[in-house]
Each structure stands twice: as structure tokens, then as C-alpha cells.
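Quick caveat, the model's predicted, so the values are computed rather than measured. Excluded from the calculations below are hydrogen atoms, water molecules and symmetry mates; all remaining heavy atoms, backbone and side chain alike, are included.
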Amino acid sequence: MSTMRAVLIKDDEGPIENLYIGETEKPVPKEDQVLVKVVAFGLNRMDLLQREGKYPPPPGTSTILGGEFSGRVEYLGPRVTKWSTGDEVFGLCGGGAYAEYIAAHQDLLIRKPSHLSWEEAAGIPVNFITAQQAVLLYGELKKGDNVLVHAGASGVGIAAIQMARSFGAKSVTATASTKEKLDFLLSIPSGATDVANYKTEDFSKTVKNATGGKGVDVVVDFVGRTHWEKNIESLSVDGRMIILAMLSGSVVPTVDLGPILRKHLKIQGSTLRSRSLEYQSNLINSAPFQEVVSNITGREGEGPVRIYIHKVYPWTEIQKAHKEMSENKNITCTLGTCDPRDISIEFTGCYCSYSVLPDSGPLLQ
């Protein structure tokens, strides 16, 4: 049996201290799969939940953490027609990215643009595909619409803000918890037009001021219970709300259905990781996502949409990376990079992307 190194979890779940780098079985690609030598992987909020035993991976997928990555195609499984050995790619997976190798379906890979770094490419899949389904697929964004994005400084939040602006939104109001995050969202190209600190302000009033009293056409929410009433208040007639997470809780004690009826509201829940291969592949191959990939640049580029990396760690500090994300200290997302000599982790948002590179260190067992 061939082995590889990966970030593993002692006892399969538990606190941050249970994370370590160890040996595990190297995956063998099945039909329609390719073996990718991972260079970088993203760290997302769902990784923290999975580590704690609160968000198991979809049936049949790897139990190793990680839902996005970049790397080089090393070996082709049976019936693979889209890729060749040596191709530089990034992609989406149900799990398995926190490792030296991953067996990925050929339909969930995207060719890496040469102007993007490995870390930048690895921060795209979860953040921008999730944002696409929220803003464009279910949000049904039209040119001139007004949009409200919660968790605005997260990886998905920043992607959603930029996509809304790039596809014609008139205004994008974003919420976050600190002045530093709000200032960042206002400062970036294609960033938020208006912001609110949800801890100290009534964001529904900010929305009404930004839209001349009309309200927003689209709400992208990750928060749930504490934002429910103000979200309904913020929506315009025929507004659409997309719920992607429930960070404050899933139970709203009392709900007035009247505004939903009177304003003809549409409320849609959605996840990405548990979706079918066909659903995920359709999103990746859709014209809007391909347009984003064609035009996206790094922080210093001039693209209408950009990927922002917050910080880089060695993968021997994966515990520190998880701790920083759990404390919401990052802006944008975080990534990890894997290399036979060393692994690094980086941040690109409140929902972070880290880049991690494998090397020896205190976490090795």
C-alpha cells in the first residue's frame, strides 16, 4: 500500500489540538478521476465544523479535511479525457484536500490561469462557486438590483460582493463585526458600496438609506436566527433571500409570515458540498463562473474580480490556522500549500483560505 502525508484528526474528531500530520493511504483514482499532487488547499468554516464532528463529509468521499485545492495532475484514472499528466489545475472536492495527493473527479477541475499563484487558485472554488449559486442562480441577480451580503469579510462574502458588482448590482450593502473589516470592504475595487457593523448598527436601516427606502432585491445570509427579522425588513417587494449557513442558530422563536406574503418573498436554503456531481459540475462549467475565472486576478492585479489572501502559515501550524479562523481574526479566505519540502497556510477572509506545505515539525506523528 502506497502512503502519503495528510492532516489527520486524532480520534476522528475533537478540538484543535487533535490535528496532526501523519501517514495515511494514498488515494487511487477511479473511473473519471485524476490523481492530483496538491500544492495548495483552502481552509473553510466547514473544516472546523467537520473537525468537531458537526459536519460529516458526504457519503463516499474522503474523511480527510478540505474542500478546495490546487495542484498538478500526476496520474489519470480510467475514462479520463479532459486532462493530461502535468496539467496545472484547481478544483472542488467533498473532502481530502489537506493532503499531499487527492483523487478528484475530472469534471470538478478547472485549468489554473498562468497569472494566478497556486494559493490564489486554491482560494477560488468554494468561495466563488458558493457565491455564484447564491447571487446568480438562486438570487437571480438582474442589472440594477440592490444586494445585502452578510459575513462580508469572509471568503464567500467577498466573492459574493464582487460578483454582484461585476454582474450589474446597483448597490451592495455588506455587514461585518469590526471597523477594520468594513473599511477593507469599502476600499477594494468592486467592493461594497455601503456597510454596517451588525454588532452596533441596525443593518436594515443602512439598507433603506442605501436604496432610497426600497430595500434590497437579494440577501445572502450566513447568520440565521439573529438576522432573520432584520433580513425580512431589508427585503424589497419580490425580494429573494438565500440562506447558506446558520452561525447564530437555526431556530427563530417567533416568525411573522405576513411580510413574506405581502412582499411576495422567496426564501431559499442551499449548501454546496452535499450537492450532486452533476449540480457542482454545471456550476463550474456555467458561463458566469467561466467568465469569473477568465477575468479574476490576485490582489495586485487589475481584474474586475480578485482573490485576496490574508496570511500564510506552514502546515505544521495547521492548529494555529484553525484557531485564528475560529476566532474570526482573518479577513477574506485562507489557503494551504503542499510541497515535499514544506507546506504553508494562508488567509483570504473571515471564511479563510490557507496555503499549507508539508515538512517535518512538531505536529508530525
A side-chain contact here means heavy atoms from C-beta on lying under 4.5 Å apart; do P27 and I102 qualify? no

Under a 4.5 Å side-chain heavy-atom rule over Ile, Leu, Val, Met, Phe, Trp and Tyr, are L247 and L49 clustered together? yes

Hey, is the main chain of G239 close enough, under 3.5 Å, to the side chain of D217 for a donor-acceptor pair? no

Is there a donor-acceptor contact under 3.5 Å from the side chain of R225 to the main chain of S248? yes

Would K208 and E233 pass as an ion pair if we require N to O under 4.0 Å? yes

Indicate yes or no: at least one non-hydrogen side-chain atom of T175 is less than 4.5 angstrom from one of V149. no

What verdict does the salt bridge (Lys or Arg N to Asp or Glu O under 4.0 Å) test give for E201 and K205, after you've listed the backbone C-alpha separation in whole Å, the side-chain angles of each residue and the deciding distance to 0.1 Å? CA-CA 8 Å; E201 300 176 75; K205 293 182 179 178; over 6 Å; no

Work out which heavy atom in P113 is nearest to a heavy atom in F90; give both atom names and the distance. CD-CE2, 3.8 Å

So, the side chain of R299 versus the backbone of I309: is there a donor-acceptor pair under 3.5 Å, distance only? yes

Keeping K263 on the side-chain end and G258 on the backbone end, is there a donor-acceptor pair under 3.5 Å? no

Begin with the C-alpha distance, continue with both residues' side-chain angles, and end with the deciding distance and a verdict on side-chain contact (heavy atoms from CB on, under 4.5 Å) for K179 and N197. CA-CA 7 Å; K179 184 177 185 301; N197 185 326; 6.0 Å; no

Common cluster, L265/V147, ILVMFWY with side-chain heavy-atom separation under 4.5 Å: no

Just wondering, are more than 12 heavy atoms of other shown residues or ligands nearer than 6.0 Å to CG in D256? yes

Donor-acceptor contact below 3.5 Å, side chain D87 vs main chain W83: no

Restricting to side chain to side chain contact (heavy atoms under 4.5 Å, CB included), what partner residues turn up for K230, sequence neighbours left out? D202, F203, S204

Quick one: does W118's side chain get under 4.5 Å of K112's, heavy atoms only? yes

Sub-4.5 Å side-chain heavy-atom contact between L108 and I284: yes

Is I161 close to L185 at the side-chain level, that is, under 4.5 Å between some pair of heavy atoms? yes

Does any non-hydrogen side-chain atom of N44 lie less than 4.5 Å from one of N127? yes

Before accepting this row, confirm whether a basic side-chain N of the pair E100/R5 lies closer than 4.0 Å to the acidic partner's carboxylate O. yes

Ignoring hydrogens and geometry beyond distance, is a side-chain donor-acceptor pair present between T206 and D194 at under 3.5 Å? no

Step through the shown structure and confirm whether more than 12 heavy atoms of other residues, nucleotides or ligands are within 6.0 Å of CD on E140. yes

R51 (side chain) donor-acceptor with G14 (main chain) under 3.5 angstrom: yes

Which heavy atom of G303 sits nearest a heavy atom of T297, and at what distance? N-OG1, 3.1 Å

Do you know which two heavy atoms are closest between S326 and K323, and how far apart they sit? OG-O, 2.7 Å

Y308/F184 aromatic ring centres below 6.0 Å: yes

Partner residues of R79 under the side chain to side chain contact (heavy atoms under 4.5 Å, CB included) criterion, sequence neighbours left out: E31, D32

Considering non-hydrogen atoms only, spot the tightest contact between M163 and A131 and give its length. SD-CB, 3.9 Å

Are V135 and Y279 linked, directly or through other ILVMFWY residues, by side chains that come within less than 4.5 angstrom of each other? yes

Examine distances only and state if a side-chain atom of H115 and a backbone atom of I296 form a donor-acceptor pair shorter than 3.5 Å. yes

Within 45 degrees of the ring normal and closer than 6.0 Å to the centroid, is that where the cationic atom of K26 sits relative to Y101? yes

Taking the six-membered ring for Trp, are the ring centroids of H150 and Y198 within less than 6.0 Å of each other? no

Checking the side chain of Q50 only, and the main-chain atoms of D47 only, is there a donor and an acceptor separated by less than 3.5 Å? no

Pair S190, R306: side-chain N/O donor-acceptor within cut-off below 3.5 Å: no

Indicate, with yes or no, if I267 and V237 share a hydrophobic cluster defined by side-chain heavy-atom contacts under 4.5 Å among Ile, Leu, Val, Met, Phe, Trp and Tyr. no

Sub-4.5 Å side-chain heavy-atom contact between V255 and W228: yes

Might you point out which heavy atoms bring G91 and I110 nearest each other, and give the distance in Å? CA-CD1, 4.3 Å

Within the distance-only criterion (no hydrogens, no angle test), does the side chain of N18 pair as donor or acceptor with the backbone N or O of K10 below 3.5 angstrom? yes

Is there side-chain contact between I21 and Y98, with heavy atoms separated by less than 4.5 Å? no

Pairing residues for K82 by the side chain to side chain contact (heavy atoms under 4.5 Å, CB included) criterion, not counting sequence neighbours: Q106, D107

Apply side chain to side chain donor-acceptor pair (under 3.5 Å) to the pair N146 and S171, showing each step before the final yes or no. CA-CA 5 Å; N146 298 295; S171 74; 2.7 Å; yes

Any donor and acceptor pair, going by atom type alone, linking the side chain of T271 with main-chain N or O of R273 inside 3.5 Å? no

Is there a path of hydrophobic side-chain contacts, each under 4.5 Å between heavy atoms, that joins I242 and L141? yes

Looking only at the side chains, is there a donor atom on one of Q132 and S286 sitting less than 3.5 Å from an acceptor on the other? yes

How close do E23 and L8 get, heavy atom to heavy atom, and via which atoms? O-CD1, 3.8 Å

Test side chain to side chain contact (heavy atoms under 4.5 Å, CB included), reference Q280, set N285, I129, L272, output is L272

